[in-house]
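Input: a single structure, listed below in structure tokens.
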Amino acid sequence: MKIKFKRYRKNNDSPKAVISETSKFAIVEAYKTARTNIMFSLSASEKKSFAVTSFSKGDGKSTASTNLAISFSKLNKKVILIDCDLRRPNVHNILKLENSRGLSDIIGKMTTFDEAVVRDVIPSLDILTSGTIPPNPSELIGSPVFEDLIKRIENEYDYIIFDTPPIGIVADSLMLKNLVVGYLVVIRERNTTHGDVEKLMENFKLADGKILGFLKVGCNPKERKSYKKGYYYQYY
């Protein structure tokens, strides 16, 4: 199945940034490098799930989550990307998916996982969108129903990737700390500040959450005087 994209005007999570067969080689390779490093981080644990977050909205974490999910699926491993930002339908807005039901609808018992999940968006990649925007997103993410759902589908997938809300806005992301090995933090050039990173790390320390690493996006390699092979990994 081919991925169809919507048009966007004011969003850092642009469909043009989603990797495909026409993407630049360096960008695809950068995500492969990030994938390899994440796999090493996951190798010491029985769990094969991790969350992607950022400090503020507009950092491009949902595009990064989608690209990582695509990259992992290229290993011929069964992968699912779950949009846990119940306040904004990020993944649904990046990929033009026909199914409007998603995670919130499953937790609210208005549909089932099999009815809501979008199978084989590309080979080996399933996607579960955030679904209907609820009045109580934090309560849903912290509910036993959500935890039971994740435990049930763990046996079906080799890798589970969670796209979670920005840490600097809400604490929903940290509610997943017991369900994931750790968090990949997306930071954006000229947007994420040192102060943002310090606050983010304080939040993780207080919640006893584990950071797997940082993914820097939004840089222009042409602005660097010295170009080195592998530089893209620093920001993709």
Side-chain angles (χ1 to χ4, degrees), residues 13 18 31 34-35 37-39 41-42 45-55 57 59-73 77-95 97 102-107 113 116-118 121 124-131 133-134 137-186 200 203-204 207-215:
D13 288 334
V18 176
Y31 273 106
R35 178 188 70 193
N37 282 275
I38 293 170
M39 290 174 67
S41 297
L42 300 178
S45 174
E46 294 182 358
K47 294 180 181 179
K48 294 296 179 285
S49 56
F50 65 95
V52 181
T53 190
S54 62
F55 183 78
K57 64 180 182 180
D59 287 336
K61 66 172 180 61
S62 295
T63 294
S65 301
T66 303
N67 286 340
L68 285 168
I70 293 172
S71 185
F72 270 90
S73 71
K77 299 290 186 179
K78 193 64 179 173
V79 181
I80 183 169
L81 172 61
I82 302 178
D83 188 349
C84 292
D85 192 344
L86 303 187
R87 293 170 172 81
R88 297 176 64 217
N90 298 313
V91 174
H92 189 272
N93 283 345
I94 295 173
L95 307 176
L97 302 176
L103 179 60
S104 62
D105 303 287
I106 298 173
I107 301 174
F113 173 77
V117 67
V118 183
V121 174
S124 299
L125 175 60
D126 294 352
I127 292 195
L128 181 62
T129 62
S130 57
I133 298 177
S138 296
E139 287 79 0
L140 293 184
I141 292 297
S143 69
V145 178
F146 173 72
E147 185 173 350
D148 290 343
L149 170 66
I150 301 305
K151 289 181 177 179
R152 182 172 69 84
I153 66 175
E154 282 179 338
N155 295 327
E156 183 177 346
Y157 295 94
D158 297 301
Y159 292 100
I160 301 176
I161 302 173
F162 297 93
D163 178 34
T164 65
I167 292 288
I169 298 178
V170 292
D172 294 9
S173 299
L174 296 173
M175 294 181 179
L176 276 69
K177 68 175 186 177
N178 294 326
L179 299 175
V180 299
V181 177
Y183 295 79
L184 181 70
V185 179
V186 175
L200 181 143
N203 289 340
F204 272 103
D208 196 26
K210 181 180 179 181
I211 297 178
L212 300 178
F214 292 84
L215 199 64

Non-hydrogen atoms of [X] and [Y] that approach each other most closely:
{"X": "A69", "Y": "L81", "answer": "CB-CB, 4.0 Å"}
{"X": "P134", "Y": "L86", "answer": "CD-O, 3.3 Å"}
{"X": "S73", "Y": "I70", "answer": "OG-O, 2.6 Å"}
{"X": "E156", "Y": "K78", "answer": "O-CG, 3.7 Å"}
{"X": "V117", "Y": "Y157", "answer": "CG2-OH, 4.2 Å"}

**Q.** Intermediate values then yes/no, side-chain contact (heavy atoms from CB on, under 4.5 Å), L42 and K48
**A.** CA-CA 6 Å; L42 300 178; K48 294 296 179 285; 4.2 Å; yes
Where the side chain of [X] meets the backbone of [Y], is there a donor-acceptor pair that is under 3.5 Å apart?
{"X": "T53", "Y": "P165", "value": "yes"}
{"X": "N67", "Y": "A64", "value": "no"}
{"X": "K47", "Y": "N178", "value": "yes"}
{"X": "T164", "Y": "V52", "value": "yes"}
{"X": "S49", "Y": "F162", "value": "no"}
{"X": "S138", "Y": "D172", "value": "no"}

(Q) When you compare the side chain of L179 with that of I160, does any pair of heavy atoms fall below 4.5 Å? (A) no
Q) Taking side chain as C-beta onward, heavy atoms only, is L200 less than 4.5 Å from S54? A)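 The answer is no, as the side chains (C-beta and beyond) never meet within the 4.5 Å cut-off.
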(Q) Can you confirm whether or not the ring centre of F72 sits under 6.0 Å from the ring centre of F50? (A) yes
To the nearest 0.5 Å, how far apart are [atom1] in [X] and [atom2] in [Y]?
{"X": "I80", "Y": "Y159", "atom1": "CD1", "atom2": "OH", "value": "15.5 Å"}
{"X": "I161", "Y": "L68", "atom1": "CD1", "atom2": "CG", "value": "6.0 Å"}
{"X": "L103", "Y": "F113", "atom1": "CG", "atom2": "CZ", "value": "10.0 Å"}
{"X": "F214", "Y": "L184", "atom1": "CZ", "atom2": "CG", "value": "9.0 Å"}
{"X": "S41", "Y": "Y183", "atom1": "OG", "atom2": "OH", "value": "15.0 Å"}
{"X": "S104", "Y": "L128", "atom1": "OG", "atom2": "CG", "value": "9.0 Å"}

Q: Quick one: which residue pairs count as a salt bridge (Lys or Arg N to Asp or Glu O under 4.0 Å) with a foot in residues 159-170, not counting sequence neighbours?
A: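 Sorted pair list: K61-D163.
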(Q) Quick one, V180 with K210, criterion side-chain contact (heavy atoms from CB on, under 4.5 Å). Give me CA distance, side-chain angles, the key distance, then yes/no. (A) CA-CA 9 Å; V180 299; K210 181 180 179 181; over 6 Å; no
Side-chain atoms of residues 141-150: list all donor-acceptor pairs with protein atoms under 3.5 Å, sequence neighbours left out, distances to 0.1 Å.
unit_1 : atom_1 : unit_2 : atom_2 : d
S143   : OG     : L140   : O      : 2.7
S143   : OG     : F146   : N      : 3.3
E147   : OE2    : K151   : NZ     : 3.1

(Q) Set out, in order, the CA-CA distance, both residues' side-chain angles and the distance that settles side-chain contact (heavy atoms from CB on, under 4.5 Å) for V185 and I167, then state yes or no. (A) CA-CA 9 Å; V185 179; I167 292 288; over 6 Å; no
